[in-house]
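Working notes, beginning with the structure itself.
Convention: sequence-line order gives letters A, B, ...; per-chain numbering from 1. Note that the structure is a prediction, hence the values are computed from the model and not measured.
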There are 2 protein chains.
Amino acid sequence: MARHDEIRAEMMRRINAGEWPVNRDIPSEVELGVEFGVARGTIQRALSSLVAQGLIERRRRAGSRVVPRTAHASRLSIPLIREEIEDRGFAYGYRLLDRAVVGGPVPHLRLCCLHIADGQPFQLERRVISLTALPQAEAQPFDMSGPNEWLVREVPASRVTTRISAEAADPDSAAMLALPPGAPLLVVARQTFLADAPLTRVRLLHPAESYAVTTESF
Amino acid sequence: MARHDEIRAEMMRRINAGEWPVNRDIPSEVELGVEFGVARGTIQRALSSLVAQGLIERRRRAGSRVVPRTAHASRLSIPLIREEIEDRGFAYGYRLLDRAVVGGPVPHLRLCCLHIADGQPFQLERRVISLTALPQAEAQPFDMSGPNEWLVREVPASRVTTRISAEAADPDSAAMLALPPGAPLLVVARQTFLADAPLTRVRLLHPAESYAVTTESF
DNA sequence: TAGTGGTCTAGACCACTCG
DNA sequence: GAGTGGTCTAGACCACTAA
């Protein structure tokens, strides 16, 4: 364990124990350096990671303060569906249900795919790929494997937005997922951009009982 | 903009543009330091933040590699419900529906609260608070404001796990949320620990159409 | 204006692991 | 054994802002 990690741990202990109360100034970098017997850079590193965790705020000249614990931020990771299924020990299956090129002013490729775990529908993927940004997508059949794997391999992305919500299954989607209409779905909607140009937009629909997004902090 | 930020931006550009292909070694810190005309520490700092973003992996002696874009990690933040509602321009309301102390080997406080936006049920909060870890919770009525605000003010946490899922509303919850039974709900389940001791566990139930969790990366 | 944090440097030592 | 990343230091300069 690095020294700055030990120092950060001790700082977190002080915050949690109330020795560094909320909204009160904590000692300056120089003072902390003397106390812990390390260079200022090491203190800076420990404090920076506390800032990244959202535990403290720092302003030049004004000093550092413990932030009230309003929101809590944590890391969210959504893996590839094939790995997700195989990690659970299920056999992965894939079917392309629909593929259409839509012309007009903003031509795009519309796909509807089903990802299957041990024969059970696991995820319905409704995707739109911009043919302006990714004309090479039109040449891909996507009949044997999902567009996600191709996109990951082929296309870099600079920005991704994700929205997680619940919905009642519309009759169409319900049929594809072998669920009764109105069944609850967990929906992950994602948009991907490269330098502000939209690349692809996808809605991933999961039967409620089979999927959840988890995250852990600190 | 700091030099290490510029360098990190340039590195991200190279990764996205494919100039640093996936699974190939990228130049060493020393080489990059020469190229960018900065000290090794500055390169180290830029590369470290790429590691934190999950874009590259580094191993001593083995060098640094661009990680295949399988999963994508981003920051998830779940705000306080009162702010969530007021940010949308709604009037916030609160009602305590149930409060019970449960004895036994692991005594705890069980709460059921309703958070209201403009008169409409917005979130049903089902919470359990450990009276072993937080005996002072028993003295709190929680009749005027939710336990979340008290916990945030009073109690530090060291670890938080979150699980987001969809569910069909059970008859009990449906009634409290003024929904038909079986209606789709977005459920955020959170557990909070202090040094591995469980503090509180909560299930936040939202009508599907009124709530979603969003996140943005990079 | 003085004190604080933000950054960068040049150098050093260590831990790891590949050949 | 040698080359890589991980860490720490002592010092420096700058940007910001409260007094």
Side-chain angles (χ1 to χ4, degrees), chain A residues 1-15 19-70 73 75 218, chain B residues 1-15 19-70 73 75 218:
Chain A
M1 197 183 209
R3 189 82 181 98
H4 74 260
D5 277 324
E6 294 174 12
I7 292 173
R8 179 168 52 82
E10 166 61 14
M11 289 171 170
M12 285 177 64
R13 191 196 64 73
R14 291 183 187 183
I15 293 171
E19 296 175 23
W20 284 355
V22 170
N23 282 329
R24 298 282 296 273
D25 279 10
I26 65 180
S28 75
E29 294 185 349
V30 180
E31 291 170 312
L32 290 168
V34 172
E35 183 200 331
F36 287 102
V38 297
R40 184 168 79 101
T42 307
I43 296 294
Q44 162 86 20
R45 189 158 176 181
L47 288 173
S48 296
S49 77
L50 293 182
V51 170
Q53 287 185 18
L55 288 179
I56 65 172
E57 272 180 356
R58 325 191 66 201
R59 287 213 317 272
R60 287 171 160 114
R61 168 69 193 180
S64 307
R65 301 182 316 119
V66 177
V67 164
R69 274 191 152 273
T70 56
R75 218 163 172 69
F218 297 32
Chain B
M1 195 182 210
R3 190 79 182 100
H4 74 261
D5 276 324
E6 295 175 9
I7 292 173
R8 179 168 51 81
E10 167 62 14
M11 289 172 170
M12 285 175 63
R13 192 196 62 73
R14 292 184 186 182
I15 292 171
E19 296 175 24
W20 285 355
V22 170
N23 282 327
R24 299 281 297 272
D25 280 11
I26 66 179
S28 74
E29 293 185 351
V30 180
E31 291 170 312
L32 290 168
V34 172
E35 182 199 332
F36 287 101
V38 297
R40 203 191 110 193
T42 306
I43 297 295
Q44 162 86 20
R45 191 160 175 181
L47 288 173
S48 296
S49 75
L50 292 182
V51 170
Q53 286 186 20
L55 287 180
I56 65 172
E57 273 179 357
R58 323 191 68 201
R59 288 213 316 273
R60 287 173 160 112
R61 169 68 192 175
S64 307
R65 302 180 315 118
V66 176
V67 166
R69 271 191 153 273
T70 55
R75 224 165 167 70
F218 296 33

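Taking a cutoff of 4.0 Å between a charged side-chain nitrogen and a carboxylate oxygen, A:Arg58 and A:Glu29 qualify as a salt bridge. Between B:Arg14 and B:Glu35, at least one side-chain N (NZ, or NE/NH1/NH2) sits under 4.0 Å from a carboxylate O, which counts as a salt bridge.
Atom P of nucleotide D:dT9 and atom CG of A:Leu32 are separated by 13 Å, given to the nearest angstrom. A straight line from CG of A:Asp25 to P of C:dG3 spans 16 Å, rounded to a whole angstrom. Atom-to-atom, CD1 of B:Ile43 to C1' of C:dT7 comes out at 14 Å; the value is rounded to the nearest Å. Look at CZ on B:Arg60: it is 8 Å from C1' on D:dT7, rounded to the nearest Å. What separates CD1 of A:Ile56 from C1' of C:dT4 is a distance of 13 Å, to the nearest Å. Between B:Glu57 atom CD and D:dT4 atom P the separation is 18 Å, expressed in whole Å. A straight line from CD of B:Glu29 to P of C:dT9 spans 13 Å, rounded to a whole angstrom. Remark: P of D:dC8 and CG of A:Leu47 are 14 Å apart, rounded to the nearest angstrom.
When each of C:dC8, D:dG5, C:dG5 is scored by its nearest atom to the side-chain atoms of A:Gln44, the top-ranked nucleotide is C:dG5. Side-chain proximity of A:Arg3 to the nucleotides C:dC8, D:dC8, C:dT7 is greatest for D:dC8. For A:Arg61, the listed nucleotide lying nearest its side chain is D:dC16; candidates were C:dT7, D:dC8, D:dC16. When the nucleotides D:dT9, C:dG6, D:dT7 are ranked by their closest atom to the side chain of B:Arg40, D:dT7 comes out on top. Each of D:dT9, C:dG5, D:dG6 was ranked by its minimum atom distance to the side chain of A:Thr42; first place goes to D:dT9.
Between the CD1 atom of A:Ile7 and the CD1 atom of A:Ile43 there is a distance of 4.5 Å, given to the nearest 0.5 Å. We find the CZ-CE distance between A:Phe36 and A:Met11 to be 5.0 Å, quoted to the nearest 0.5 Å.
Contacts of A:Arg59 with the nucleic acid, taken as non-hydrogen atoms under 4.0 Å apart, involve only primed sugar atoms and P, OP1 or OP2. Backbone-only engagement by A:Val38 is indicated by non-hydrogen atom pairs under 4.0 Å involving sugar-phosphate atoms exclusively. At a threshold of 4.0 angstrom between heavy atoms, the contacts of A:Gly41 with the nucleic acid are absent.
Between D:dT7 and A:Arg45, a contact under 4.0 Å exists linking OP1 or OP2 to a side-chain N or O. Side-chain nitrogen and oxygen atoms of A:Ser64 include at least one within less than 4.0 Å of the OP1 or OP2 phosphate oxygen of C:dG5. Proximity of A:Arg58 to the phosphate of C:dT4: no side-chain N or O atom is located under 4.0 Å from OP1 or OP2.
Counting non-hydrogen atoms of other residues, nucleotides and ligands closer than 6.0 Å to CZ of A:Arg59 gives a total of 12 or fewer.
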